[in-house]
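Working notes for the structure below.
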Amino acid sequence: METNKKSDMEIKFIYNSTQIKEREALGYAKSLDQHYINEIDLEKETLTERHWAEIATALKVELKELIDENNDYYQDELKGKDFDEQDLLQLIASHPQIIKTPIIHSTRLTRFIKSPYDFNEMDLAFEEIKKHLANKGESDE
């Protein structure tokens, strides 16, 4: 049963390890109580087009809103160009450095992280979800 509980509380932390603030945010994410953090460093790993589409849907944003318009690659190569959804998916999958990061993604919560301190609020939110499920008899505990 322990494995199910762990996967239920798995949080994917999508970030770029070349950014110091994102590494700091990862440190805060790892401090979350009773959650398994699955690190996805976009400098070392890639996500598929399907993953990016799912993340955009979970964030309730259009694909173009995943893009950091301040990114050098965006500024030099993409600024002012129009892309359809499929082109955007291919672009994001092949150039993940243009993504606004960090992002946390779990079965219950997906959001952009603006500050490492966002995790204090999120840990409370996850705890509230856990209590709510336990109250309804839906928890694995």
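We're numbering straight along the sequence, starting at 1.
Of all non-hydrogen atoms in Ala56 and Leu63, the two that sit nearest each other are CB-CD2, 3.8 Å. Looking at every heavy atom in both residues, Gly80 comes nearest to Tyr74 through N-OH, 4.4 Å. Closest approach of Leu42 to Pro96, counting heavy atoms only: CD1-O, 3.7 Å.
Interatomic distance, Asp68 CG to Ile99 CD1, rounded to the nearest 0.5 Å: 9.0 Å. Taking NE2 of His105 as the reference point, atom CD1 of Ile103 lies at 9.5 Å (rounded to 0.5 Å). Separation of atoms CD1 (Ile55) and CZ (Phe112) is listed at 9.5 Å; rounding is to 0.5 Å. In this structure, OG in Ser106 is found 11.5 Å from CZ in Arg111, a value given to the nearest 0.5 Å. Note that CD1 of Ile104 and CZ of Phe13 are 8.5 Å apart. Values are rounded to the nearest 0.5 Å. Between atom CG of residue Leu91 and atom CH2 of residue Trp52 there is a gap of 12.0 Å, rounded to the nearest 0.5 Å.
For Glu24, there are no salt bridge (Lys or Arg N to Asp or Glu O under 4.0 Å) partners at least two apart in sequence or on another chain. Applying the side chain to side chain donor-acceptor pair (under 3.5 Å) criterion to Asn71, with sequence neighbours excluded, gives no partner residue. Residues forming a side chain to side chain contact (heavy atoms under 4.5 Å, CB included) with Lys114 (at least two apart in sequence, or on another chain): Asp118. With sequence neighbours excluded, no residue forms a side chain to side chain donor-acceptor pair (under 3.5 Å) with Thr46. In this view, Glu69 satisfies the salt bridge (Lys or Arg N to Asp or Glu O under 4.0 Å) rule with no residue, not counting sequence neighbours. When the side chain to side chain contact (heavy atoms under 4.5 Å, CB included) test is applied to Thr18, the partners found at least two apart in sequence or on another chain are Asn16, Glu43. By the side chain to side chain contact (heavy atoms under 4.5 Å, CB included) test, Ala53 is found to be paired with Leu89, residues two or more places apart in sequence or in another chain being considered.
Salt bridge status for Lys12 with Glu39: absent, with no side-chain N to carboxylate O gap under 4.0 Å.
Put simply, the side chain of Asp41 reaches to within 4.5 Å of the side chain of Tyr15, judged on heavy atoms.
Here side-chain hydrogen bond (donor to acceptor under 3.5 Å, both in side chains) pairs that include residues 79-104, with residues two or more places apart or in two chains, are Glu22-Thr101, Glu49-Gln86, Tyr73-His95.
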Please assess Leu88 against Ile67 for the test side chain to side chain contact (heavy atoms under 4.5 Å, CB included), listing each intermediate value before the final yes or no. CA-CA 9 Å; Leu88 278 173; Ile67 296 174; 3.6 Å; yes

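With Asn38 contributing its side chain and Ile11 its backbone, the two residues share no donor-acceptor pair below 3.5 Å.
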